[in-house]
Structure formats: C-alpha cells, structure tokens
Protein chains: 4
Amino acid sequence: MRQKSAAGNHHRGSSPRAPGRPRSEQARLAILRSTLKLLGKHGFSDLTIGDVAAHAGVGKATVYRWWPNKASLIADAFAKSTTRALHFPDTGSVYSDMSQQMRQLVKIFRSRRGRIVSAILGGGQSDPDLITAFRERFLLPRRLEAYATLRRGIRRGELRGNIDMDLLLDSLYGPIYMRFLVRHKSLTPEFIDRLCDLVLSGAHPSRKFRRHRSH
Amino acid sequence: MRQKSAAGNHHRGSSPRAPGRPRSEQARLAILRSTLKLLGKHGFSDLTIGDVAAHAGVGKATVYRWWPNKASLIADAFAKSTTRALHFPDTGSVYSDMSQQMRQLVKIFRSRRGRIVSAILGGGQSDPDLITAFRERFLLPRRLEAYATLRRGIRRGELRGNIDMDLLLDSLYGPIYMRFLVRHKSLTPEFIDRLCDLVLSGAHPSRKFRRHRSH
Amino acid sequence: MRQKSAAGNHHRGSSPRAPGRPRSEQARLAILRSTLKLLGKHGFSDLTIGDVAAHAGVGKATVYRWWPNKASLIADAFAKSTTRALHFPDTGSVYSDMSQQMRQLVKIFRSRRGRIVSAILGGGQSDPDLITAFRERFLLPRRLEAYATLRRGIRRGELRGNIDMDLLLDSLYGPIYMRFLVRHKSLTPEFIDRLCDLVLSGAHPSRKFRRHRSH
Amino acid sequence: MRQKSAAGNHHRGSSPRAPGRPRSEQARLAILRSTLKLLGKHGFSDLTIGDVAAHAGVGKATVYRWWPNKASLIADAFAKSTTRALHFPDTGSVYSDMSQQMRQLVKIFRSRRGRIVSAILGGGQSDPDLITAFRERFLLPRRLEAYATLRRGIRRGELRGNIDMDLLLDSLYGPIYMRFLVRHKSLTPEFIDRLCDLVLSGAHPSRKFRRHRSH
DNA sequence: CAATAATCGAGACGGTACGTCACGTCTTCTT
DNA sequence: AAGAAGACGTGACGTACCGTCTCGATTATTG
C-alpha cells in the first residue's frame, strides 16, 4: 500500500528515486492552496473533496491518492500555512513575551484562517487523526518555544522556579481557545492583557504557594 | 408552518388543545434517548437521523417534524440529560466551591457523556445553532450560578472586588475545555486543584493589581 | 433485502398492500422508456445509469433500488416493449405461418429495436442474468407459440410427425440470429423465404429419414 | 503518429531497421497470452487493460503503444490462438466433411476458448471493430474452406448445383451459434448429426425446389 | 565509443462513471 | 392530525479504469 499522510510525510523513503512518474508537486500545492481557500469560505462540512479537486484543476483521485480523508487534507493544508508566524519574542519580560505572542494568536483566530482552525478542532472531535495533527504540527512546536520563554522568565526571577509549565500555559491559552470555540465572549487584545495579568501574577515568586482549601 | 424547536419548546402555542392525534410523548422520549445513546457511541457526523429514527422505532418524518436539524436534536437531547447535576456547593470558600464543581465537570467530561459534549462543541464549529444551544442551555445557567459563588467570595474577602468575573471563570474553565478538546494533557483532579491554586491566587485581594509590562 | 428484478416481477408478494410509500409507477415507466430511447441511440456500453436517471427525471438511487444492474434494466425495458408483436398467424400452411413471423422478427432486428436486442445478447455473454431474461421473457413465449404452429403443420401432414421441434426451430431462427449478430450477410425477406424453403423441405414427410453418413 | 495495428501488422514499414530500441517480442507475446488467459476467466467488459499489463508484467503504455483499443487487442489474441485447428476433412461425403468440422467447432465452443469467442461476439455487439475482426480473421477463412467442401459435394451430386452456399452454411452454423449464444438448448454431437441430416437433406438434388407458399 | 533514439516498467496524472449513502420530503395506510 | 413505513429526487462519497504523461533504465543504430 502506498504511503498516505495525515502526518505530513510526503516522501517515499530514503531511496534516491522511486520508479514511475514522480508525484506532481504542482498538483500537491494547488490542492493545499484550494483547500485553504475553500475552507476559509465555508465550513468543514461544506468542503467537499470534489470541490477542492475541481478548484485545483486536479482529478478527485489525485486528492484521494495522497490524503486518506478530508481531515488529513485540511491538517496538511493548515500545517503548511502556519509554519512561519507565531514565534515568541524575547523582550526581557515574560509578560511581554507571552502577551505579544498571544495577541498574534488571537489575531489569527479572528482572521479567515481562524475558520480553518475551528474546522480542525471541530472536526477533530470526531476524527482522532485531525486533532492529533493539530497537536503535533501546530500546538507542540509552539509549546516548545513557550517552554523556552517561560524558562527565561524563571531565570530572571519573574516566575516561580517550581512552576508547572503546562499548567501555566494551559491557563494562559485555555481561555483563548474556550472563547474561540464557545464564542460566549469576544476575544480582544484587552482580554489578553488582563488574562496575562491574572494568571502570571499567580505564578509570581512573591506569591507564596498557598493551599486555598478551607479543610 | 409548524412550530419547530431548537429552543426546546415543544408545545403548540396557547390553545388548550390542538385537534387531531396528539403528539406521542413516547416517541419524543425514545428519539432523545436514542440520540444520546448513538451519539455516545460515534461522533457527530456519524450520527444520522435515519439511525436515530430506526433505533427509536420511529418514522424518520417524526423526527423531522419536531426538530429542524441534527443540531437542535442533539442540543435537546443533551439539555435533557444534564439538567440535574453540576450545581455549585456553598462551603464558605471560593476555592472549595469552585474546585468541587470543576471536578464534577471533569468527571462528566471523562464519562460517556463527554462524547456528547465534544460532539456538540465539535459540530458547533460548523453549525452555529449547535454552539448557541450549548451556550444557552448548558453554559449560561451554570455561569449564573458561578457568578453567585464568586460574589460570595468577594463578600468574604477572598477575591478582589473589582475582579472581572468572566475573565476569572474563563481562566478557570478554559484550561479544562482546552485539555478536553485538544487532548494534549490529561484531565485529572490534581490538575483542577493546581489550576485553582494558580488562578485564584492571582485573583486574591492581597495581590496588588500590577501591570507586568516592563515599559 | 428488497426484491430486485431481472425477472420482471415488480410486485411485492401476495399481501394486499405493503406499508410505506408505494413505488412510483410513473418513475418506473419513465425509467424504462428512457432506457429504450437511450439504448436505441447508443450502444450497451454507452448507456449509463446516470444518463437514464437524468433523462427520466429520476434519482439514480431510484434506478438502483429496483434494478440491480444495467443488464436487468435493459431486459425489463426490452420485455415491456415487445409483449404485443411477433405472434404467429394461422394461414393453413406451416411455410406461410413461419415465414411471416420470421419476416416480422427480421423487421424488428433491423429496426432501432434491433440495437436493443443486440445489446441484450451481447451483454448477456458476460452477464448470465441478461441472457436468461432474454430466453425467459422473449424467446420462450414465442417458442411456445411456434410449437403450436408446428403441431398444426404436423396434423396437416406438412411436417414429419417425429420431427424434433427445437432442432427445426433452431434451424430456422439460428441463421437469422447468426446473420444478425455476426453481420456477415444481410438479413433480407428473400433470405427468409429461401431459408424456409431449405429447412422446411428437409422436414417434409416425403423426405425419408436417411443417414447421410457414408460409413 | 506511430503505426498501430488492429490488423496484426506489427512491423514499421519497409525500412530494414528502425533506429532506437526494437520492440520487445517477449512483451508482445506476454500481453497476448495474458489477454487470452484473463478473457477466459471473465467477460469482455471485465477485462481491463491494466489487468492485462499487470498480468503480463508490462507497463500499461506498452499495451496502448501497440493496440489502439481493447477490441483489437482481443482480436489479435484470438487470431493468434486459433490459426491451426478447424480445417475441413475430405472424406468423400459432404455430410461427413461438414459434421466432422462442426463437431470440432462445437468442441471449441464448449471449451475454455469458447469463453473467448463469446466475449468477442458479445463485445462485438457494441464494438464494430471487434465483430469485424471476428468475421475477417475467424469466419471468413473457414468459410472459404467450406465453399470448397460444398463444391466437392456439388461435383459428387450430393448437393443441388444451384444451392446458395451462404444460405446453406448459415443454416448449418446458425443453429450452433444460436445455441452457443442464447444457451437455451445444449450443444451436443448428436445435435450436430441431426442438424446436418435436416439441412443437408433439404439441399439434396432429389429434393425438387418447391415453393411452399400456399398462395 | 559516444550520441541519438525508441522502447521498456512503473506509476501518477486529469477525467468519467460507478454504485452507495444520507439527506430532507413525499405519499400511502393505520391509529 | 400524527404515527410508522419506506420510496422519492438530490448530491457527495470513495473506487475503478480510462488513456496520457513523465520518469529512469535499457537496447539498439548512427556518427
């Protein structure tokens, strides 16, 4: 069986050249581009493989040859489109580093690309491959950068040394994701600021760790 | 046009009695039960109206007569199934009140009913009715209770008086929803405790409001 | 499983009425009509179910609901279209009875309906259902009439009493089918006359049965 | 355009040698062999060029390079397989000459090779090239031999001098083809004998030509 | 002996039709 | 009037072949 990809590996192994006509890079790019474009216009369920193929000037079978389902197609398209942005600055302040990146994220969530993210997270609730792709290709790379950012803050004494970094990051990003997905409150830059204030102040070394339990 | 309901109103107006055969309550319940059962087994998109009708021993048209689409059917079914639990206790401590309720929520998210929630939130990303139903029937009622709980904490001096309650609640629940939906880290009771510690300590009056901006 | 038909039985048993919406007779007729029309224009392999459905103003699934494949659809359409003609006259002469009916058959074979027959016989070479349908619905009914015609000839002394009727009929019709299918010589009324002369003279009582074997 | 062949000419003109790599005879034979083998297993429409190429261990393009369509491929393969048998004996008796050859034909029709013949005749109903190939490569050569056989019979006084040879031959072979294609009665050697009896007795000089018309 | 040229196997390509499935509507009889 | 049953038109699905193409490799003739 041919290698299909929800994990982004489009290469056929280490051999220098596979026999037969090589895969058309042009078709691959056209498909991913069309996927993003159409996904931005309509939702996940409105996107049909047939439409993507037609818009890309490609046979339907060519799409199915390389992507086992709509989910992995979207995942690939999304991964390709977000490799560049969303890096963390190094301003000398955790608050500033985080809030700046989080503002960027919010800007993306509110843009046309946000539809794609919500399509992935939405579709991922019934398709494990999709949510896995999101984690591995989008979340994890950024989280690794975030760890470095937090470690700088610890070194500078802005954060407790024993802080649970995943807990802290989820406390910072969870509210963003929640507002983005549940849409009960708007996602504004001011919200980001106050969110950072609230959460980072709880992670400040001056704040003694104190169990709030009354019993 | 007959009155259809995404809002749960299944009655036909103010007239005391409509002519003709009355609606079968038995059918209505069987449909909702089957919806929940099938939704628990598979995802949102795998659930078909035809399956629900067949499983409930009901004609397809009977489903369509009362629910305009899959979303409102699921929303009704979900609302029916969670009207009882998830109340906030009044222990005299914000930390305790919140963490106890949050633990209940996590327990539900991790149960079979969690599949239904993720189906709603997932499907809701492409179906506005669905996410609206989730907000209005599930989130809002609980948030109203949460406001009251927080106000008790303010009154007791456990929280700053000028706290933004939605910000605080999103900071507490957002991480739960994020872990639930993205599944990058496990949802444990210990996570809840440390989450409450982190966020509530940031909302404590002793913590002076301090902009972390370095500029 | 629903009853599908390559054998022409479109009724659902002896019960007076099946539950559910009854089959649309209008759709059924439109499908058969369109099949004949399109089959007359193009060949067996050029006929697509999709085209038939579109031409009949019917969903593709409606065709597939009642006919398992193109073959049985064509067989039904053909059977419906030829129930009336091709009866044997009773002129008082076997020669006349047979040649008149055979001329009718040739006329049909040479008409637009001939395309349908060749489509059935051609397709039947790879689809047993199709050739069976042809035998049972077309060939057999006519052969029964032919038996009666031959028996009249025997009674009148125009044919040997011990004649193998199937052998005789195949000797009369086989050449027609062969010319029709192989197309090496034309099918003319004169050919029919001389064919009857040749074969029927061999079946005449005056002709003593004589083994031609030279050993 | 390169020279393609439905007529079996695989040579490239009169030049003694073309430049470039010469055509692989091994590939050509493997393709024809595989065509026959696969055609024997399934029908005309079930045979795909892709299957033939794969079974022959050959690229699909190699097939298309030398045969313009499935029909000519099958025709070539069939022609290659039946060049040797089915000659007419010269026993001194028309009856014997004919019945012996007809028995051979029936034996082939009933063998695995019969599937190939029926595939060609069946497919030929929608593909003119195919039926033409059958006529020219199979039927015609044998018919030329049959004419000679009949002429010997005329010379010996076993047949009328003014007999229409095509009529006579169609009356002898038509029933065979009909039973072979319609499959309503079995093709046995005894059937051949009685068929020859019936038809040849009608062609005997002692049988006066007599119009059977009663009017 | 290098250059040229046509073949080879392999397999991806843009298409087209397939047969299935779910949709949401409808048409029947029964309750 | 609502119920179960199930056929209806619609349209996307994912598959299978079509006949063409683009590769690197092979095998001949020509310069």
Length of the [atom1]-[atom2] vector between [X] and [N], whole Å:
X       : N      : atom1 : atom2 : result
D:Asp46 : E:dC18 : CG    : P     : 15 Å
A:Gln26 : F:dC21 : CD    : P     : 15 Å
B:His55 : F:dA5  : NE2   : C1'   : 19 Å
B:Arg65 : F:dA5  : CZ    : P     : 13 Å
D:Arg23 : F:dA28 : CZ    : P     : 15 Å
C:Leu47 : E:dT16 : CG    : C1'   : 15 Å
D:Arg21 : E:dA5  : CZ    : C1'   : 12 Å
D:Ile31 : E:dG9  : CD1   : P     : 7 Å

Let me spell it out: for each of B:Ser24 and A:Thr48, pick the nucleotide of DNA chain F with the closest heavy atom. Which residue's pick is nearer the 5' end?
B:Ser24
Assign each of D:Asn69 and C:Ala27 the nucleotide of DNA chain F bearing its closest heavy atom; nearer the 5' end lies the nucleotide of C:Ala27
Distance-only donor-acceptor test, A:Lys60 side-chain atoms vs F:dG14 base atoms, 3.5 Å:
yes
Donor-acceptor contact present, side-chain [X] to main-chain [Y], <3.5 Å:
X       : Y       : result
A:Lys80 : A:Leu32 : no
A:Thr62 : A:Val58 : no
B:Asn69 : B:Ser72 : yes

When you measure from the side chain of C:Tyr64, which nucleotide among E:dG11, E:dG19, F:dC13 comes out closest?
E:dG19
From the list F:dG19, F:dG14, F:dC8, which nucleotide is the closest neighbour of the side chain of D:Ile49?
F:dG19
Identify whether NZ of Lys or CZ of Arg in D:Arg28 sits under 6.0 Å from the centre of the six-membered ring of D:Trp66 and within 45° of that ring's axis.
no
On DNA chain E, more 5' by nearest nucleotide between C:Lys70 and A:Ala56 is A:Ala56
If you find the nucleotide of DNA chain E closest to A:Gly57 and the one closest to B:Gly50, which residue's nucleotide is nearer the 5' end?
A:Gly57
Heavy atoms only, 4.0 Å cut-off, all strands: where does A:Ala61 land among base, sugar-phosphate and nothing?
base
Would you say E:dC8 has OP1 or OP2 under 4.0 Å from some side-chain N or O of D:Trp66?
yes
Taking only N and O in the side chain of B:Thr62, is any of them less than 4.0 Å away from OP1 or OP2 of F:dA4?
yes
For the student: nearest non-hydrogen atoms of B:Ala75 and B:Ala133, plus distance:
CB-CB, 3.3 Å
